[in-house]
Amino acid sequence: MMDNILTVRELNFKLNQILEARFPYIWIKGEVTNFVAASSGHLYFSLKDEQDLLNCVWFKRNHQDLAFDPLTGECFENGCKPSLAKSLHDGQEIICAGKLAIYGTRGQYQLIIEHAIESGIGQLYEAFEKLKQKLSREGLFDTKYKKAIPAKVQNIALITAPTGAVIHDFLRIAKTRGIKSFIHIFPSLVQGDEAPQELIAALEKAQTHIFPNTKKADCIVFIRGGGSIQDLWAFNDEALARAIFACDIPVVTGIGHEPDYSIADYVSDKSLATPSHVAQFLWKDRHTLMQEIDDAEYSLQRFFLAKYKYHERELAYLYRQLKLLSPKNALNEKFTYVTILTRHLQRAIKKIFQDNLTKLQLTRQKITRHEPQFNFLQEKIRQLNKEIKIYANTAIKQNEEKFSLLQEKLQQNFLAYLTQKEFALQKNSLILEGNNPRKPLEKGYLYAEIIGKKGSVVKSVRDVKAHDTLQLHIIDGTIHANVEKIIPVKKQ
């Protein structure tokens with residue numbers, strides 16, 4: 001048991017750890033009392049409510065001028081704001097932020113302050129957060145309800161104060177960019193207790209206003225210059241937020257400067273940092289438009305070149321196919337075949353004569369060796385020569401006749417084959433011409449495809465559904481059409 005005895009310092013240390021773990025950073029509201037400003041620059045005071053007190057210390061290093069709002073984290077646009085430490089006094093209600101710690105010398109806990117603001121501003125932020133959470137839970141900020149801003153706006157309903165630099169900046173940008181646009185200003189208060197009702201009334205008028213081109217507004221714009229949370233409070237009105245949400249025309253807001261954000265910004269269809277940003281968003285500058293035109297021209301050139309090369313390759317392929325089917329090629333092949341047969345025949349005839357000549361020479365050699373029998377054989381040789389000549393002439397004539405018959409038959413067969421192939425070629429040409437998809441188009445017919453479906457040529461009403469987008473091909477181009485109604489032909 002003695003091992004568990006703690007010193008006062010150890011106990012304070014452990015309690016300090018518990019406080020830091022349980023309350024690492026807290027916000028506390030109360031009234032300043034017992035305020036003391038030490039010569040070191042540190043401030044000592046207590047925060048009290050109806051019954052209790054909390055000791056506080058605000059060290060000099062922590063009460064420097066503020067460059068940002070400690071509640072929202074937003075940076076101040078016009079530089080640092082003076083620290084509240086310079087004007088702190090007894091009886092002042094403030095909101096403090098810091099961490100709890102044990103001050104061992106006195107054995108009591110205290111709040112070490114890092115930030116402090118006046119309670120009135122804190123109440124505005126608290127009301128802002130409560131309304132923001134309420135409307136968020138109801139879905140007024142959901143992106144699914146936000147309406148798209150038209151890519152090209154012509155009629156602008158502008159709700160703002162009729163005087164001041166804000167409207168002049170907006171109109172200056174509109175003059176250089178918003179060519180052929182109509183801007184109708186609906187003047188309204190943008191600050192004060194009466195401002196929300198005037199803004200709502202202006203919004204209602206803007207929704208029904210008819211512009212010189214007999215059309216309603218393409219979008220409604222709220223703009224206002226920057227200011228404190230009190231200055232912008234009119235745009236945190238719940239009734240105004242609900243009116244913007246219920247508006248059937250897209251609403252664009254440019255309220256305050258970049259760090260400012262109001263309830264109207266959350267509920268609008270598009271929120272921009274400043275009024276000038278709204279004007280720049282609504283109308284593109286000429287350089288951007290020229291760049292878009294150049295991009296479109298480049299894309300069109302690429303598409304045309306791709307189409308041209310595709311048809312060029314297709315034409316080359318068809319030319320090769322027609323060249324293979326040409327009658328001239330078939331005729332050349334048959335002529336080559338006849339030439340080869342002629343050469344074979346000539347070599348055969350030459351071989352027969354050569355063989356007979358060899359036999360004759362051998363016979364002569366035998367006669368020379370058998371001279372006593374020469375006279376007897378000479379007559380036989382003469383007779384043999386006659387027979388050989390007769391045989392040779394007969395064989396040649398027969399071969400010539402066979403060759404002539406063969407050549408004539410080959411020519412007839414070739415002509416018949418050529419006629420058959422020409423007929424087949426004409427038939428295929430007629431079929432090819434009949435299957436040419438452009439022929440029916442020349443007669444006023446068309447064929448349709450469903451956009452977005454690969455290989456979706458429409459052959460029946462069953463292939464099409466309502467609201468499909470069709471690409472109709474005619475002789476000189478294509479037409480895009482939406483299917484509104486399908487009427488099948490009744491069977492007889």
Side-chain angles (χ1 to χ4, degrees), residues 4-130 132-133 227-233 236 259-261:
N4 294 329
I5 298 176
L6 302 175
T7 65
V8 175
R9 184 179 183 82
E10 289 173 340
L11 178 60
N12 286 340
F13 178 76
K14 289 182 180 292
L15 291 174
N16 204 42
Q17 287 183 318
I18 294 173
L19 284 176
E20 289 180 354
R22 181 63 181 84
F23 303 100
Y25 197 82
I26 59 173
W27 286 90
I28 299 177
K29 180 173 70 173
E31 181 184 335
V32 177
T33 185
N34 302 326
F35 175 77
V36 175
S39 58
S40 60
H42 306 324
L43 305 179
Y44 300 94
F45 57 92
S46 299
L47 286 178
K48 70 173 183 175
D49 53 20
E50 289 81 359
Q51 297 177 347
D52 298 327
L53 283 174
L54 172 65
N55 291 329
C56 303
V57 56
W58 195 355
F59 293 120
K60 181 180 179 179
R61 65 176 182 272
N62 290 333
H63 54 72
Q64 305 299 320
D65 292 345
L66 293 177
F68 62 94
D69 191 314
L71 279 175
T72 64
E74 295 173 342
C75 295
F76 296 127
E77 184 181 10
N78 299 321
C80 295
K81 289 190 175 181
S83 172
L84 185 62
K86 297 179 179 179
S87 59
L88 196 64
H89 56 82
D90 285 339
Q92 188 176 10
E93 189 172 9
I94 64 172
I95 298 176
C96 299
K99 58 184 179 179
L100 294 173
I102 298 292
Y103 181 46
T105 303
R106 296 184 179 178
Q108 60 186 16
Y109 76 93
Q110 60 185 5
L111 176 66
I112 300 176
I113 297 175
E114 295 184 8
H115 299 292
I117 60 174
E118 292 187 67
S119 178
I121 297 177
Q123 290 173 354
L124 288 179
Y125 279 116
E126 184 178 356
F128 175 85
E129 287 298 324
K130 286 182 179 179
K132 177 182 171 184
Q133 293 174 10
S228 65
I229 187 172
Q230 296 95 330
D231 296 336
L232 303 177
W233 195 251
N236 295 324
D260 301 324
Y261 219 80

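W27 contributes atom CH2, which lies 8.5 Å from atom SG of C96 (distance to the nearest 0.5 angstrom). For the atom pair L100 CG and I28 CD1, the distance stands at 5.5 Å (nearest 0.5 Å). For the atom pair NZ (K29) and CG (L47), the distance works out to 11.5 Å, reported to the nearest 0.5 Å. In this structure, I26 CD1 and L111 CG are separated by 5.5 Å, a value rounded to the nearest 0.5 Å. Note that CD1 of I95 is 13.5 Å distant from NE2 of H115, once rounded to the nearest 0.5 Å.
Closest approach of K48 and L53 over heavy atoms only: CB-CD2, 3.2 Å. Between N55 and S46, the shortest heavy-atom distance links the atoms OD1-OG, 3.1 Å. Heavy-atom minimum distance, A116 versus W58: CB-CH2, 3.6 Å.
Among V36, N34, L88, T33, the single residue meeting the side-chain contact (heavy atoms from CB on, under 4.5 Å) criterion with F45 is L88.
The backbone N or O of F35 lies less than 3.5 Å from a partner atom in the side chain of D90, making a donor-acceptor pair.
Under the side chain to side chain contact (heavy atoms under 4.5 Å, CB included) criterion, S40 pairs with A38, H42, not counting sequence neighbours.
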